[in-house]
Amino acid sequence: MKDINKPLKTVSLNTMIDKHIGKVGTKRRDSFENELKIDLLGNAIKKARQERHLTQEQLGELVGVQKAQISKLENSITNARFETILKVFTALGAKVNFNVELSDKLLTLS
């Protein structure tokens with residue numbers, strides 16, 4: 001039986017991810033982080049589209065793709081071509097910045 005009077009232990013999110021997903025550098029953790037980045041990208045596209053008061057169909061017309069492709073991007077269902085993602089952000093009037101981390105330095109590309 002669990003002791004209900006025992007205080008709860010507070011741990012960081014990173015500790016929980018290490019425990020349940022895996023440590024940084026493991027295959028499972030790398031896969032998790034890649035999926036998370038794709039999901040964040042999809043959310044950024046959706047939020048920017050909504051800020052511009054565009055439907056998925058309207059954005060698709062601006063980019064030259066079907067509404068279904070925009071939906072898949074926003075919902076992280078597909079691995080889109082990088083060119084398509086750049087076209088989406090260009091159509092939204094969004095500036096895209098890239099950070100590339102090398103083992104000993106950070107490169108920022110705009």
Side-chain angles (χ1 to χ4, degrees):
M1 182 173 196
K2 291 185 179 182
D3 183 2
I4 60 173
N5 295 322
K6 184 178 178 183
L8 295 175
K9 181 180 176 185
T10 303
V11 296
S12 71
L13 178 59
N14 284 338
T15 300
M16 292 300 293
I17 292 172
D18 285 350
K19 180 179 178 182
H20 295 285
I21 305 296
K23 299 237 182 241
V24 173
T26 62
K27 190 173 184 175
R28 187 169 178 210
R29 177 69 173 264
D30 289 346
S31 177
F32 169 80
E33 289 182 357
N34 285 336
E35 286 180 34
L36 180 60
K37 289 173 187 173
I38 291 168
D39 192 49
L40 291 172
L41 183 62
N43 286 332
I45 290 169
K46 183 176 184 175
K47 185 171 182 168
R49 175 183 60 78
Q50 290 172 335
E51 287 285 324
R52 298 287 190 232
H53 305 288
L54 294 170
T55 65
Q56 290 178 339
E57 186 172 357
Q58 290 168 326
L59 179 56
E61 288 173 6
L62 291 171
V63 176
V65 298
Q66 298 292 317
K67 172 189 180 264
Q69 181 68 18
I70 300 300
S71 177
K72 288 177 182 179
L73 284 172
E74 290 182 357
N75 292 298
S76 308
I77 294 173
T78 186
N79 284 331
R81 291 179 46 197
F82 193 67
E83 178 183 11
T84 302
I85 293 169
L86 289 177
K87 284 181 181 180
V88 167
F89 282 117
T90 298
L92 291 168
K95 182 179 177 183
V96 178
N97 295 310
F98 298 96
N99 289 325
V100 178
E101 282 187 50
L102 302 174
S103 59
D104 58 346
K105 63 173 85 171
L106 175 68
L107 303 173
T108 302
L109 310 170
S110 301

Peer 1: Closest heavy-atom contact between Leu92 and Ile45?
Peer 2: CD1-O, 4.0 Å
Peer 1: So, do Phe89 and Leu41 sit near enough that their side-chain heavy atoms are less than 4.5 Å apart?
Peer 2: yes
Peer 1: Grouping I, L, V, M, F, W and Y whenever their side-chain heavy atoms are under 4.5 Å apart, do Leu86 and Val88 come out in a common cluster?
Peer 2: yes
Peer 1: What's the separation between atom CG in Leu59 and atom CG in Leu73, rounded to the nearest 0.5 Å?
Peer 2: 8.5 Å
Peer 1: For the backbone of Ala80 and the side chain of Thr84, can you confirm whether one donor and one acceptor N or O come within less than 3.5 Å of each other?
Peer 2: no
Peer 1: Scan for salt bridge (Lys or Arg N to Asp or Glu O under 4.0 Å) pairs involving residues 78-91, sequence neighbours excluded, and state none if there are none.
Peer 2: Arg81-Glu83, Glu83-Lys87
Peer 1: Taking a hydrophobic cluster as the set of Ile, Leu, Val, Met, Phe, Trp and Tyr residues connected by side-chain heavy atoms closer than 4.5 Å, whether directly or through intermediates, do Leu13 and Ile21 fall within one such cluster?
Peer 2: yes
Peer 1: Got a second to check how far Thr55's OG1 is from Lys67's NZ, nearest 0.5 Å?
Peer 2: 8.0 Å
Peer 1: Counting only heavy atoms not in Glu33 (residues, nucleotides, ligands), do more than 12 fall under 6.0 Å from its CD?
Peer 2: yes
Peer 1: A quick test of your reading: do over 12 heavy atoms of other residues, nucleotides or ligands sit less than 6.0 Å from CD of Gln50?
Peer 2: yes
Peer 1: Please determine whether residues Val96 and Val63 belong to a single hydrophobic cluster, defined as Ile, Leu, Val, Met, Phe, Trp and Tyr linked transitively by side-chain heavy-atom distances below 4.5 Å.
Peer 2: yes
Peer 1: Please check: side-chain N/O of Thr26 versus main-chain N/O of Lys23, any donor-acceptor pairing under 3.5 Å?
Peer 2: yes
Peer 1: Suppose we screen for side chain to side chain donor-acceptor pair (under 3.5 Å). Which residues come up paired with Glu74, at least two apart in sequence or across chains?
Peer 2: Arg49, Gln56
Peer 1: With a 3.5 Å distance limit and no angle check, can you tell me whether Asn75 reaches the backbone of Ser71 through a side-chain donor-acceptor pair?
Peer 2: yes
Peer 1: Side chain to side chain contact (heavy atoms under 4.5 Å, CB included) between Leu54 and Leu62: does it pass, once the steps are laid out?
Peer 2: CA-CA 10 Å; Leu54 294 170; Leu62 291 171; 4.0 Å; yes
Peer 1: So, taking the atom named CZ in Arg52 and the one named CD in Gln58, what distance separates them when rounded to the nearest 0.5 Å?
Peer 2: 13.5 Å
Peer 1: Quick check on the hydrophobic clustering: are Ile70 and Phe82 connected, directly or via other members, by side-chain heavy-atom contacts under 4.5 Å?
Peer 2: yes
Peer 1: Do Leu36 and Met16 share a hydrophobic cluster (ILVMFWY, side-chain heavy atoms under 4.5 Å, transitive)?
Peer 2: no
Peer 1: Which heavy atom of Ile38 sits nearest to which heavy atom of Ser76, and what is that distance?
Peer 2: O-OG, 3.3 Å
Peer 1: Show every side-chain hydrogen bond (donor to acceptor under 3.5 Å, both in side chains) that has at least one partner inside residues 7-18, sequence neighbours left out.
Peer 2: Ser12-Thr15, Asp18-Arg29
